[in-house]
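Below you'll find the structure, written out as structure tokens, and then a few comments.
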Amino acid sequence: MLNKKLLALSITAMLSASAMSQTNHFDIDYADPQGFGVNDTEQFMSPTGETTIGEYRKGLIELATRAVSLQFNFTTQHHLIIDFTAPNGYAALTSGPIFSEVLDGSVTDSFGVMELGRTYPSTLVSALTEVEYIYGEDAKVSFSDKQTSLEANDDEKYPGIVYDAYHEMMHVLGFVTTDCLGTCIPEPVSRDSHVSSFIYYNDAGVIKEFESLSLSQKTDAYLSTDGLRFGGSQASRDAAVNELTSGHQDGYVYMHSTPNENGDVDSQSGGHFSFDVSPAQLMYSSRAATEDIGMAAYLLCDVGWCRGQGKVIEQSVTASVNENASDENEMVIDMSISENINVGVDEFEFTFTTDPDVELISFEDTAELCSSIGGGSYRCNGELGALSTVELRLIVTNSEAYTLKGELKSTGFDVDRNGFNNILDAHFENKQVDVEDSTDGESTDDDSTSDDPTPTTPIVSAPQPQSGGGGSMSYILLPMLLLAVLRRRAGMGISA
């Protein structure tokens, strides 16, 4: 949500120095002092073993940024400060991204998205100009220093902090308003922005363009209790009609515009979807625990992340042991790359690495989409039709365990609804393999009646910190605002 104060830009540029092989387009400076936040050394038992609270937090945050990195087409790195200093009552808050006004001749946008006189977030400017923002951090994200956010509820796939980070990353990419209405300090302001041309107001049954309203009328819209609407492209409105069971009017999606307890403009208004929107949305003011970013994908596509060329997609990659095809000598692992909605993907790219400790007998790629890139790794490129699937098969020596890691993304300017579906981090265990007993050196057999490999449920391991470099060039923009985007915890609490 939007802070009531227009803050001055004052952020120190400090980038993470560590690196890892996974894709991550966010350079993160963790700003917590020793013993606090991601530097908390208290021991913690995670699903994958003992670690520290700090390291586990760090890994979960970077799992979210890795998922986002695979959802959008990034051409540069983006820079974040992260700490654990969110005020009481907040699970997480985002200060930023930096907004700038497009001046005549100030930027070169080969996609033709940016308009003169309109303001854009630094992250989107970098995507449209393919020039890295070099004047400081794009945003600062603060989390609550509560251990409960590291525990997943029974009906949630990940701990709460993952969804908190996922939500805040949508704000970083531009799911945010520049409006500061009501009792804004020093005064109310509303400027044409990357998103304002897609916002409408239902004024007593008449749909009006938000940008056509006076400042007082805009304030009325923000106090209208769901009279504010997101009305995107035809594809976005069609998606709203087809999949939302409530919270839209002819495809115009309800935005949060409920007055606060004092009857004034709520600082969350305009930057979140209404709670009337169903199914549940990640971009509620108190986020839902969902890996599908839902209607946020369409908003971010429309404001520029699709560069006027791409579309909203939903790819996934899965792997499983084919027990019927496996035997005592060979383990057969089937991988499926799918497009899960009625939209095709012009070209996907899937890279994966086989287990270096287990012999690969053969790799079946009937569509001939893949090639070896060395080190036991492969890259696959191809087209995915709407609601279609590409199948790949690995045949490996039957062993006690097998680990398979990979990443899936679109090579076009698409926005993928679920970035976690693009991460393959699977570990299979075979309980039937003879293993050497550590006490007497003899072999032992499992007593199970099946002779087939039995996979465990793949466990997602929190990845280690990562950063990557990117070329940078300067460009001239007029810095205007540092927005504080705050997300209040529902009822002073949040589902972990």
Side-chain angles (χ1 to χ4, degrees), residues 1 113 115 118 170 173-179 181 190 192-214 216-259 265-266 268-288 290 292-314 340-344 386-387 414-418:
M1 62 185 179
V113 173
E115 297 178 3
R118 195 174 290 278
M170 298 303 118
L173 296 185
F175 196 115
V176 63
T177 175
T178 59
D179 297 321
L181 301 169
S190 177
D192 291 349
S193 71
H194 68 303
V195 73
S196 60
S197 62
F198 298 100
I199 303 301
Y200 296 83
Y201 173 40
N202 182 2
D203 186 6
V206 179
I207 300 294
K208 298 179 178 179
E209 295 179 354
F210 186 78
E211 291 183 350
S212 70
L213 304 177
S214 66
S216 63
Q217 290 174 320
K218 290 179 177 180
T219 301
D220 291 340
Y222 269 61
L223 292 168
S224 62
T225 307
D226 301 336
L228 209 59
R229 303 280 190 269
F230 160 61
S233 62
Q234 188 62 52
S236 296
R237 295 196 296 273
D238 288 346
V241 170
N242 292 332
E243 70 179 73
L244 296 183
T245 57
S246 64
H248 77 91
Q249 178 185 2
D250 298 325
Y252 290 78
V253 183
Y254 294 8
M255 301 293 289
H256 179 76
S257 56
T258 301
V265 172
D266 191 287
Q268 302 180 69
S269 292
H272 300 90
F273 288 125
S274 164
F275 287 111
D276 288 337
V277 178
S278 182
Q281 300 290 308
L282 177 74
M283 296 312 293
Y284 287 159
S285 54
S286 290
R287 56 96 184 129
T290 173
D292 181 355
I293 65 175
M295 292 307 301
Y298 294 92
L299 185 150
L300 290 168
C301 178
D302 286 344
V303 302
W305 280 99
C306 283
R307 277 79 153 187
Q309 302 176 22
K311 51 192 175 292
V312 175
I313 62 174
E314 189 182 353
N340 302 308
I341 59 176
N342 197 28
V343 177
L387 301 172
D414 301 320
V415 172
D416 199 325
R417 293 177 56 146
N418 188 336

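Hydrogens, waters and symmetry mates play no part in the numbers below; they use all other heavy atoms, side chains included. It should be emphasised that the depicted structure is a prediction, and the values quoted were computed from it without experimental measurement.
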(request) Can you see which heavy atom on A239 is nearest to which on Y298, and at what distance? (result) CB-CZ, 3.3 Å

(request) Work out which heavy atom in Y284 is nearest to a heavy atom in P279; give both atom names and the distance. (result) OH-O, 3.9 Å

(request) May I ask you to decide if K311's main-chain N or O and D414's side chain share a donor-acceptor pair within less than 3.5 Å? (result) yes

(request) Would you name the heavy atoms of A386 and N342 that are closest together and state the gap between them? (result) CB-OD1, 3.4 Å

(request) For residues A240 and G251, report the shortest heavy-atom separation together with the two atoms involved. (result) CB-O, 3.7 Å

(message) Return the CH2 to CG distance between W305 and L173, rounded to the nearest 0.5 Å.
(response) 5.0 Å

(request) Show your working on side chain to side chain contact (heavy atoms under 4.5 Å, CB included) between V241 and H248 and close with a plain yes or no. (result) CA-CA 8 Å; V241 170; H248 77 91; 3.9 Å; yes

(message) Please find the pair of heavy atoms, one from D292 and one from N418, that lie closest to each other, and give the distance.
(response) N-ND2, 4.2 Å

(request) Among residues two or more places apart or on two chains, list those pairs meeting salt bridge (Lys or Arg N to Asp or Glu O under 4.0 Å) that have a residue in residues 238-247. (result) E243-R417

(message) I want to check something: taking the side chain as every heavy atom from C-beta on, are S236 and F198 in contact at a cut-off of under 4.5 Å?
(response) no

(request) Just grab all the salt bridge (Lys or Arg N to Asp or Glu O under 4.0 Å) pairs involving residues 194-205, residues at least two apart or on different chains. (result) D203-K208

(message) Checking S216 against T219: is there a side-chain donor and acceptor pair closer than 3.5 Å?
(response) no

(message) Test side chain to side chain contact (heavy atoms under 4.5 Å, CB included) on R118 and E211; report intermediate values, then the result.
(response) CA-CA 11 Å; R118 195 174 290 278; E211 291 183 350; 2.5 Å; yes

(request) To the nearest 0.5 Å, tell me how far S212 OG sits from Y201 OH. (result) 11.5 Å

(message) Test your reading of the model: is there a side-chain donor-acceptor pair from H194 to the backbone of G174, 3.5 Å cut-off?
(response) yes

(message) Using only atom types and a distance under 3.5 Å, with no angle test, would you say the side chain of Q281 pairs donor to acceptor with the backbone of G294?
(response) no

(message) Are R237 and D250 packed together at the side-chain level, in the sense that at least one heavy-atom pair is separated by less than 4.5 angstrom?
(response) no

(message) Suppose we screen for side chain to side chain donor-acceptor pair (under 3.5 Å). Which residues come up paired with Q249, at least two apart in sequence or across chains?
(response) N202, R229

(message) Quick check for you: to the nearest 0.5 Å, what is the distance between S285 atom OG and D266 atom CG?
(response) 7.0 Å

(request) With rounding to the nearest 0.5 Å, note down the distance linking OG in S246 to CZ in F275. (result) 13.0 Å

(request) With rounding to the nearest 0.5 Å, note down the distance linking CD in Q309 to SG in C301. (result) 11.0 Å

(request) With sequence neighbours left out, write down each residue that passes side chain to side chain donor-acceptor pair (under 3.5 Å) with D192, or none if nothing qualifies. (result) none

(request) Identify, with sequence neighbours excluded, every residue that meets side chain to side chain donor-acceptor pair (under 3.5 Å) alongside E209. (result) none

(request) Please round to the nearest 0.5 Å and tell me the distance separating atom CZ of F230 and atom OH of Y200. (result) 9.5 Å

(request) May I ask you to test the T258-S269 pair for a side-chain heavy-atom distance under 4.5 Å? (result) no

(request) Without swapping roles, check the side chain of D302 against the backbone of S233 for a donor-acceptor pair under 3.5 Å. (result) yes

(message) Pairing donors with acceptors under 3.5 angstrom, does anything connect the side chains of Y222 and S190?
(response) no

(request) Just jot down the side chain to side chain donor-acceptor pair (under 3.5 Å) partners of Q217, sequence neighbours excluded, or say none. (result) S214

(request) Could you pull out the closest heavy-atom pair between L387 and N340, with the gap in Å? (result) CD2-O, 3.4 Å

(request) Kindly indicate, with the supporting measurements, whether the criterion side chain to side chain contact (heavy atoms under 4.5 Å, CB included) is fulfilled by V343 and V312. (result) CA-CA 8 Å; V343 177; V312 175; over 6 Å; no

